[in-house]
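All values below were derived from every heavy atom in this structure, side-chain atoms included, with hydrogens, water molecules and symmetry-related copies excluded. We count residues from 1, following the sequence as given.
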Amino acid sequence: MKKLLSTSAILLSATLLVACSNNQSTTKDSSEQPKTEQTKANEKPASKKATSLDDFKKALEDHGFTIEREQEKSSSLVQAKDGKGFILPDGSSVEVYQYEENNPYFATIKKDKKLLDQPVTIYGDFVVMIVNPTDSKDKILDSFKGFE
């Protein structure tokens, strides 16, 4: 009789453990599903961090822009670590500068949202300035919306 009760108790315990672990994975899957549906509903690009100046070039090209010419920028003039310019066929020039986070000049740019008295948009450690803006300015900035 003791063997029968012991075996029954072990089987019952094993069944409960298996049932509980399956229930947790089902709960986890169902909690993740609304997030996926919510992302699709919002249709926002996933937020990511730009890691190089070429990420901005790729974003422009991915949004249908043709880059006629790429220019190295004198980043030392604006106290940046690196800089590039992308000349577009409509005459717009997109300048992107990368800064060190602890750069005091970068802190001023973030506060004023201006570089060389030109309005800028900031994405993480990068400053984007559109020179000779045309009607495509908003579309250019939309290309970078996925960046933090």
Please list, one pair per line, the donor and acceptor atoms closer than 3.5 Å that link side chains of residues 75-89 to other protein atoms, with sequence neighbours excluded.
unit_1	atom_1	unit_2	atom_2	d
K84	NZ	D54	OD1	2.9
K84	NZ	E70	OE2	3.0

Test E95 against V131 for side chain to side chain contact (heavy atoms under 4.5 Å, CB included), laying out the working first. CA-CA 7 Å; E95 295 183 13; V131 182; 3.5 Å; yes
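Side-chain contact between H63 and D142 is absent, with no heavy atoms from C-beta onward closer than 4.5 Å. Using a 4.5 Å cut-off on side-chain heavy atoms (C-beta onward), L141 and Y123 make contact. T121 has its side chain out of reach of F144: every pair of non-hydrogen atoms, C-beta onward, lies at least 4.5 Å apart. Contact of the F65 side chain with the S136 side chain is registered, since non-hydrogen atoms from C-beta on lie closer than 4.5 Å.
S93 is linked by a side-chain hydrogen bond (donor to acceptor under 3.5 Å, both in side chains) to nothing, counting only residues two or more places apart in sequence or in another chain. Considering only residues two or more places apart in sequence or on other chains, Y99 meets the ring-ring contact (aromatic ring centres under 6.0 Å, His included) condition with F106. Under the rule for a salt bridge (charged side-chain N to carboxylate O under 4.0 Å, His left out), D117 has no partner lying at least two apart in sequence or in another chain.
I122 approaches I109 most closely through the heavy-atom pair CD1-O, 3.9 Å. Closest heavy-atom contact between F126 and S52: CZ-N, 3.7 Å. The shortest non-hydrogen separation linking S92 to T134 is OG-OG1, 3.1 Å. Contact detail for D55 and F147: the closest heavy-atom pair is O-CZ, 3.6 Å.
Identified under the side-chain hydrogen bond (donor to acceptor under 3.5 Å, both in side chains) test for residues 105-114, with sequence neighbours left out: E101-K110. Counting only residues at least two apart or in different chains, salt bridge (charged side-chain N to carboxylate O under 4.0 Å, His left out) contacts with residues 123-141 are absent.
Here the CG atom belonging to N103 is positioned 11.5 Å from the CD atom belonging to Q98, to the nearest 0.5 angstrom.
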